[in-house]
Amino acid sequence: MLEIRELNKYYKSPLGIVQALKNVNMQIPRGEIVGVFGENGAGKSTLFKCILNYVGFKGEITIDGEKITHRNIEKISFATCEHSFFPNLTPESHKAFYEMHFPGFRKKRYEGLMEFFELPKYEALKRFSTGQKNQFEVILALCQGADYILMDEPFAGNDIFNREDFYKVLLGILEPQETILLSTHLMEEVENFVGRAILIRKGEVIGDVSTLELDGQGNSLVS
Amino acid sequence: MKWEKRNEWFPPGYEYDREFRMIVVWLIASILYSLRYLACYYEEYHGLFINVKVDGGIQRVVHVGAKIAPFRDILGYHLYGLVIAIIFLLVFAALHYCYYFQDSRSIFLVRRLPDRWYVMRTCIVAPAVGILVTLLCMGSLWLIYYGVYILVTPKECLP
């Protein structure tokens with residue numbers, strides 16, 4: 001379970017101190033696929049960066065009851081539209097790097113996804129198209145062997161066919177303990193994919209609903 | 001394909017060969033430049049003597065009251081090439097860190113590794129070893145040059 005309690009994040013800006021996240025509380029059990037929605041600047045990326053300890057924050061974030069440190073950080077993987085791979089390396093070198101650093105690396109899944117998306121294995125990533133880079137970024141996040149997979153606008157710049165392919169693949173390969181937190185503004189696209197939706201506006205969680213509940217009420221995520 | 005151990009000392013994909021070659025060439029050039037100290041010393045040493053006629057021949061003898069310039073003055077800038085090498089190596093450490101922000105944010109990946117020292121190791125260790133080697137070279141050259149100054153200069157001419 002990923003638990004966030006009383007999370008507050010402040011930034012210094014030339015205009016003064018800005019509060020990027022306000023009293024965020026949430027519990028994400030294992031196995032859920034959660035959509036985190038909000039307009040640009042709402043605080044989605046900041047939330048992810050707090051979970052990963054990339055930025056300082058006030059409050060408490062735990063994973064399976066423990067604070068997130070280097071001892072349990074491998075339980076979390078991260079795919080971002082900014083990309084976190086090494087652009088000068090090839091996918092094969094990344095595989096070797098991940099195998100060395102992440103004992104739970106899912107080699108079989110990696111090979112399968114590389115084949116499915118027909119990505120070149122021996123070409124430096126800097127020569128990939130934006131769509132291919134996004135695909136590879138998500139492949140790495142899915143294959144690290146993490147139980148909590150954070151995806152921050154992972155498909156920015158991809159065409160709709162690419163994105164739809166990915167949603168289908170994701171649903172097909174995920175194991176019951178794997179949890180996905182997907183931030184996007186493409187609500188319509190992911191409404192059939194996520195099981196729960198969290199809406200953030202100006203740093204505050206203003207909605208947290210399960211899509212099953214919405215279905216029961218005859219509502220959709222978009223409406 | 002296996003991830004080679006030597007790749008663990010530099011940011012992945014970083015062109016360390018070029019950096020290594022550059023620093024080795026600079027160190028060699030700096031050591032060669034420092035040899036000019038010997039020429040400067042010889043000039044100073046030569047100035048301590050005068051030629052006198054003895055029994056029809058010419059003999060070089062120490063000029064009475066002649067003093068050689070202080071070691072620091074003769075050494076001058078001759079080891080500064082190595083100081084510049086140290087500055088280069090500090091810049092390399094900064095470049096290694098900046099590499100993690102270049103064309104992607106691979107810093108997000110390396111900060112997520114279970115190996116908590118990874119970033120520090122890949123940024124600092126190789127330049128630190130370079131700095132150590134440079135300091136050793138600097139110390140050795142200083143000792144050799146000082147040894148020459150102390151041992152070769154006539155005692156009465158030392159300041």
Side-chain angles (χ1 to χ4, degrees), chain A residues 45 48-49 51-55 68-105 107 121-122 124-128 130 133-134 136-137 140-141 144-146 148-152 154, chain B residues 1-26 88-131:
Chain A
S45 300
F48 284 4
K49 285 173 186 169
I51 294 172
L52 288 155
N53 259 334
Y54 291 158
V55 292
I68 297 164
T69 65
H70 68 280
R71 287 191 189 89
N72 59 1
I73 190 81
E74 67 185 296
K75 285 185 182 175
I76 311 175
S77 65
F78 183 47
T80 163
C81 54
E82 293 179 278
H83 303 142
S84 60
F85 49 68
F86 306 111
N88 289 342
L89 294 189
T90 64
E92 271 305 282
S93 301
H94 276 85
K95 189 177 92 176
F97 180 85
Y98 268 67
E99 279 181 320
M100 172 143 180
H101 288 280
F102 297 106
F105 181 70
K107 194 175 167 184
K121 287 181 179 176
Y122 298 99
L125 283 148
K126 62 184 173 191
R127 296 197 190 92
F128 279 28
T130 306
K133 285 177 183 172
N134 290 343
F136 189 70
E137 175 79 7
L140 286 178
Q144 183 187 302
Y148 300 88
I149 301 162
L150 312 186
M151 297 190 190
D152 185 17
Chain B
M1 181 181 186
K2 276 200 162 184
W3 187 253
E4 290 180 35
K5 281 275 181 194
R6 72 187 165 126
N7 290 340
E8 290 288 290
W9 302 99
F10 294 90
Y14 190 82
E15 288 183 29
Y16 56 80
D17 284 353
R18 204 173 54 179
E19 195 174 87
F20 181 75
R21 273 199 304 272
M22 185 184 154
I23 203 70
V24 166
V25 167
W26 184 265
F88 276 152
L89 287 158
L90 291 172
V91 171
F92 288 162
L95 288 176
H96 290 183
Y97 187 69
C98 291
Y99 176 80
Y100 288 125
F101 296 85
Q102 208 180 306
D103 300 327
S104 76
R105 290 288 177 273
S106 49
I107 187 73
F108 290 154
L109 168 56
V110 289
R111 284 189 60 188
R112 234 168 357 93
L113 296 175
D115 176 358
R116 69 193 300 196
W117 304 112
Y118 188 84
V119 178
M120 192 182 275
R121 193 173 68 238
T122 54
C123 292
I124 289 177
V125 170
V129 169
I131 288 172

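A, B, ... follow the sequence lines: proteins, then strands. Residue 1 opens every chain.
- Neither the backbone nor the side chain of A:Asn72 comes within contact range of chain B; no heavy atom of the residue lies under 4.5 Å from a heavy atom of that chain.
- Scanning all heavy atoms of the two residues, the minimum distance from B:Arg111 to A:Tyr54 falls at NH1-O, 3.4 Å.
- Across all their heavy atoms, B:Leu113 and A:His101 have their closest contact at CD2-CB, 3.8 Å.
- To the nearest 0.5 Å, the span separating CZ on B:Phe108 from CG on A:Leu150 amounts to 12.0 Å.
- B:Arg121 meets the salt bridge (charged side-chain N to carboxylate O under 4.0 Å, His left out) test with B:Glu8, B:Asp115; sequence neighbours excluded.
- Contact count against chain B (heavy-atom pairs under 4.5 Å) is highest for A:Phe78 among A:Tyr98, A:Phe85, A:Phe78.
- Contact annotation for A:Glu137: neither backbone nor side-chain heavy atoms come within less than 4.5 Å of a heavy atom of chain B.
- Heavy atoms of A:Thr80 lying under 4.5 Å from chain B belong exclusively to its side chain.
- Contact detail for A:Leu89 and B:Pro12: the closest heavy-atom pair is CD1-CB, 3.6 Å.
- Contact record, A:Ser77 with B:Arg112: CA-NH1, 3.6 Å, taken as the closest heavy-atom pair.
- In this structure, chain B has a heavy atom under 4.5 Å from the backbone of A:Ile76, while its side chain stays farther away.
- Using a 4.5 Å cut-off between heavy atoms, A:Lys133 makes no contact with chain B at all.
- Residues of residues 99-106 of chain B lying within less than 4.5 angstrom of chain A, judged on heavy atoms, are B:Tyr99, B:Tyr100, B:Gln102, B:Asp103, B:Ser104, B:Arg105, B:Ser106 in numerical order.
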